[in-house]
Amino acid sequence: MANEFSLINKYFKPLGEAIASPNVVMGIGDDCALLANKPGYQLAVSTDTMVAGVHFFADAHPIDVGYKALAVNLSDLAAMGAEPAWFTLCLTLPGRDENWIKGFVQGIEILAQQFAIPLVGGDTTKGPLSLSIQVAGWVPEDKGLTRSGAKVGDHLYVSGEIGWPYLGYQVSTSSLQLNDADQREGLERFLRPLPKLALGANLIDVASAALDISDGLTADLNHMLTASGIGAELDINALPLAAPLGAMSDDIQRQAINFGDEYQLLFAVPSDKQTQLTALQEQLSIKLYPIGTLVDGPGIVDSQGNPIAPSGYEHF
Ligand code: ADP
Ligand code: MG
């Protein structure tokens, strides 16, 4: 791209300089960024790619695209219990549409500021619109929240209501009409998910396993079960479904539960950590929802012992 350097200096460099970090020795502008280690911690690193027409509508508002690109990556840090450290951004643009870039950077900046995470580098190329963000975060040594630590007898929780992103998606494609308040709530949860970083970091000494719900509740639960080598009994009636779904068919409820794009945390807590979990809810002023128990596996069953087949989003 002819003017890639002016784009970098005008739009991306400020996203690094706006957020001070003791670990960023040198950010955007050289061949590499220079980043300092944090003693006693390990780096949790994750990357997610978003392709126009696959992960977002090609005509989506650039602020929404930027916001969500960083949100889904921060959600992976949250699921690991990590504290944000820095991120990089690889951007492929079809042309120099400065209005689009400006909006996109604005969307990223909302979360970069909120969670004090600086942009330290990236790449800018020309081609079909797509973007990759790589995030890094700090976890106390050997304490990262993995998917594999859940044990039989642990209790399963989700961090919030399930199904709002499905409703928001249906509203945004004009396939569904809800009352104004529900419509707003659905769109907000679909377009502006808030990564659960404070919860994740505080679950480090409480949860035995955790992940974020991106593919769909049963698909992601199945990831935890496979990694932990156990099964789960899911209490379907205890699932905190988005209120408007209550009046909809079983089939639509199932679709909503398995839609994904939630970015709520799904985690397991041993019985002897329940008191700590209760205290945590008060400390963070949040409501956590118990949705089942971990049992001998494999797979997911309902309260009557009937198998529930995992289903969710898959690319291939
Ligand atoms: P090089 O040719 O050495 O790879 P580039 O010209 O690709 O360098 O990038 C110059 C500087 O700008 C580097 O520090 C790089 O990390 C940064 N950079 C390029 N594109 C982006 C972007 N989209 N976001 C953040 N930093 C970027
Ligand atoms: Mg480069």
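Worth knowing before you read on, the calculation uses all heavy atoms, side chains too, and leaves out hydrogens, waters and symmetry mates. Counting starts at 1 for both ligands and their atoms, following the listed order.
At a 3.5 angstrom cut-off on N or O pairs, Gly122 counts as close to ligand 1.
The same ILVMFWY cluster, assembled from side-chain heavy atoms under 4.5 Å apart, contains both Leu156 and Ile230. No continuous path of hydrophobic side-chain contacts links Val120 to Phe12 [ILVMFWY only; heavy atoms under 4.5 Å]. One hydrophobic cluster holds both Leu221 and Ile308 under the rule that ILVMFWY side chains link at heavy-atom gaps under 4.5 Å.
With hydrogens and angles disregarded, a donor-acceptor distance shorter than 3.5 Å links the side chain of Asp97 to the backbone of Asn99. A donor-acceptor pair under 3.5 Å is absent between the side-chain atoms of Asn258 and the main chain of Gln255, judged by distance alone.
Heavy atoms from both the backbone and the side chain of Asp123 come within less than 4.0 Å of ligand 1.
Residue Asp31 holds the heavy atom nearest to atom 3 (O) of ligand 1 of all those in Leu89, Val120, Asp31, Thr88. The closest heavy-atom contact to atom 25 (C) of ligand 1, among the options Gly16, Cys90, Cys32, Gly121, comes from Gly121.
Interface of Leu119 with ligand 1, defined as ligand atoms under 4.0 Å from a residue heavy atom, comprises 24 (N), 25 (C). Residue contact check: Thr124 has heavy atoms under 4.0 Å from atoms 19 (C), 20 (N), 21 (C), 22 (C), 23 (N) of ligand 1. Taking every heavy atom of Ile28 and a limit of under 4.0 angstrom, the matching atoms of ligand 1 come to 12 (O), 14 (O), 17 (C), 25 (C), 26 (N). Atom numbering of ligand 1 starts at 1 in the shown order; those under 4.0 Å from a heavy atom of Phe5 are 6 (O). Near Asp30, meaning under 4.0 Å from any of its heavy atoms, are these atoms of ligand 1: 13 (C), 14 (O).
Around the CD atom of Glu141, the shell of radius 6.0 Å holds more than 12 heavy atoms that belong to other residues, nucleotides or ligands.
Here the rule is side-chain contact (heavy atoms from CB on, under 4.5 Å) with Leu187, and of Leu167, Val171, Asp64 only Val171 fits it.
Within the 4.0 Å heavy-atom cutoff, Lys13 does not count among the residues contacting ligand 1.
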